[in-house]
Each structure stands twice: as C-alpha cells, then as structure tokens.
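Please read these numbers as outputs of a predicted model, since none were measured by experiment.
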Amino acid sequence: MKLAVFDCDGTLVDGQASICEALEAAFARQNLPAPPRVAIRRAVGLSLPQAMRRLLPNEADELHLALAESYKLAFRTARSDGRVSQPLFPGIPELLRRLADSGWTLGVATGMSDRGLAHCLADNGIADLFVTLQTADRHPSKPHPAMLQAALAGAGAGEQDAVMIGDTSFDMQMARDAGVRAIGVDWGYHLPRELLAAGAEVVVETPEQLGKVLLA
C-alpha cells in the first residue's frame, strides 16, 4: 500500500480569490476592516476558528467563532450564486490519474469542511480518485496530526508507506508529527524555505516534477 495524501486549496486547486472574497465579506458582516489579502492567504490551511485567531490574535474566541460562521455563510452564498472559483492547478488531473494507475492510493487532508471539499472535488471531476477524505469538520486544525492518522487508518497504510503533499508549513508539520514523509509544492501559499524548515524533504516546482519524485 502506497498512500499519497494531498492538501486541497493551494495544492490541488487555486481557490484564493474566492477565499479572500468570502473572508472580506465575513469581516464586513462583523463590522471589522478586512486583513490584507497576503495575511489571508498565509492563514489558508488552518481550520476557520484557528485562521481567525491567527488573523486577530488579540481578540476573544467568541469573535473568532462568529467570524468563522460569517465566513461559512458568505462562502455558501457565493457558491449558490455561482461565484466560487476553485480550478485545479495545471497538471494536477494528469498527475492524480497517473498515480492512481500506478497503484497509489490517494487521500485528502484539508482545513475545508466536508461539504466544501465534496463540492470542490465533484466540480473538478476528481472525487472518484480518493479513498480517504479528512477535513476540519472531524479533526483538530492542522498541524495536529489527527487528519493524517485517520487517513492512514482508513486506507490501511503504514506511516512508512505514506506521504503528505502540501503547500503550507502546517502540512509539513502535520506530516512530521505523524511520522510521514512530507513533500512541499511551491505553487501555493507558503515559501519553499518555510516548507523545508517545517520538515519537507523536498519542494517541487510542478506537478510533473512531483510525479517524478513519487514514481521514482
């Protein structure tokens, strides 16, 4: 059993515009000025309350939770209005199918909700490729290793046979704490040097390069 677990946003799909717009709407609903988009992107990957805590570290948990609920509402509204954009990064569909055809079991570990992840994978036509889906609805926020531990158990894979692939230091730290290999991608939200410092064994520049690393 070889298990490749992918982060979603920033690794499989590029949803940064929709994330920033929903978060800005959430802050407006709470009568707060929105953080700069660079700060918003830096928090992608965390569960919503954790992301709000990172953006407003000196505020009370009640506000963080209220902002998280406002974000969910804004994102659901945008989706129902057809304004959510979460396209796959170029080369990702081919990589996933090549891995699946080569005997890899595929999974996702993401700070998204169950509903949000299901919509994202279905809209991009790749839902059938994944055996295990782990989200913030059922686990502590990254970098806690619970998501990866559940993915290993669900797929029946050992730590030594699994790899976590992601674009943030949260992904790399989660992999390290779960005893799993970590590979970073440089087309997401954190810098390559941050990924390496957090435990990535390598940072790849393209999905094609990632395929070469995994299928070597």
Under the criterion side-chain contact (heavy atoms from CB on, under 4.5 Å), I'd like the reasoning laid out for Thr77 against Arg83: C-alpha separation, chi angles, the key distance, then a yes or no. CA-CA 9 Å; Thr77 300; Arg83 292 184 286 109; 4.1 Å; yes

For side chain to side chain donor-acceptor pair (under 3.5 Å), just list the numbers for Ser113 and Asp137, CA-CA rounded to whole Å, side-chain angles, deciding distance to a tenth of an Å, and then say yes or no. CA-CA 5 Å; Ser113 67; Asp137 282 349; 4.6 Å; no

Start with the C-alpha distance between Arg42 and Glu194, add both sets of side-chain angles, then the distance that settles side-chain contact (heavy atoms from CB on, under 4.5 Å), and finish with yes or no. CA-CA 12 Å; Arg42 296 280 303 167; Glu194 296 175 292; 2.6 Å; yes

Verdict with reasoning, Leu215 to Leu99, per side-chain contact (heavy atoms from CB on, under 4.5 Å): CA-CA 8 Å; Leu215 295 171; Leu99 290 174; 4.0 Å; yes

Might you work through the side-chain contact (heavy atoms from CB on, under 4.5 Å) test for Val180 and Val5, ending with a clear yes or no? CA-CA 10 Å; Val180 169; Val5 180; over 6 Å; no

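In this structure, Trp187 contributes its side chain and Thr11 its backbone to a donor-acceptor pair below 3.5 Å. Listed for the Asp186 side chain is no donor-acceptor partner under 3.5 Å among the backbone atoms of Val203. The backbone N or O of Ser85 lies less than 3.5 Å from a partner atom in the side chain of Ser18, making a donor-acceptor pair.
Distance check, rounded to the nearest 0.5 Å: CD of Gln16 to CG of Leu23 gives 13.5 Å. Taking NE2 from His119 and CZ from Arg115, the interatomic distance works out to 6.0 Å, rounded to the nearest 0.5 Å. Put simply, CZ on Arg37 and CD1 on Ile19 are 10.5 Å apart, with the number rounded to the nearest 0.5 Å. Atoms OG and CE, from Ser141 and Met174 in turn, are 9.5 Å apart once rounded to the nearest 0.5 Å.
Using a 4.5 Å heavy-atom cutoff, the side chains of Asp61 and His64 are in contact.
Within 6.0 Å of CZ on Arg193 lie no more than 12 heavy atoms contributed by other residues, nucleotides or ligands. For Arg29, the CZ atom counts as loosely surrounded, since its 6.0 Å shell holds 12 or fewer non-hydrogen atoms of other residues, nucleotides or ligands. For CD of Glu94, the number of neighbouring non-hydrogen atoms (other residues, nucleotides, ligands) closer than 6.0 Å is greater than 12.
For the residue pair Phe170 and Pro143, the shortest heavy atom distance occurs at O-CB, 3.6 Å.
Among Asp177, Asp171, Asp9, the single residue meeting the salt bridge (charged side-chain N to carboxylate O under 4.0 Å, His left out) criterion with Lys142 is Asp171.
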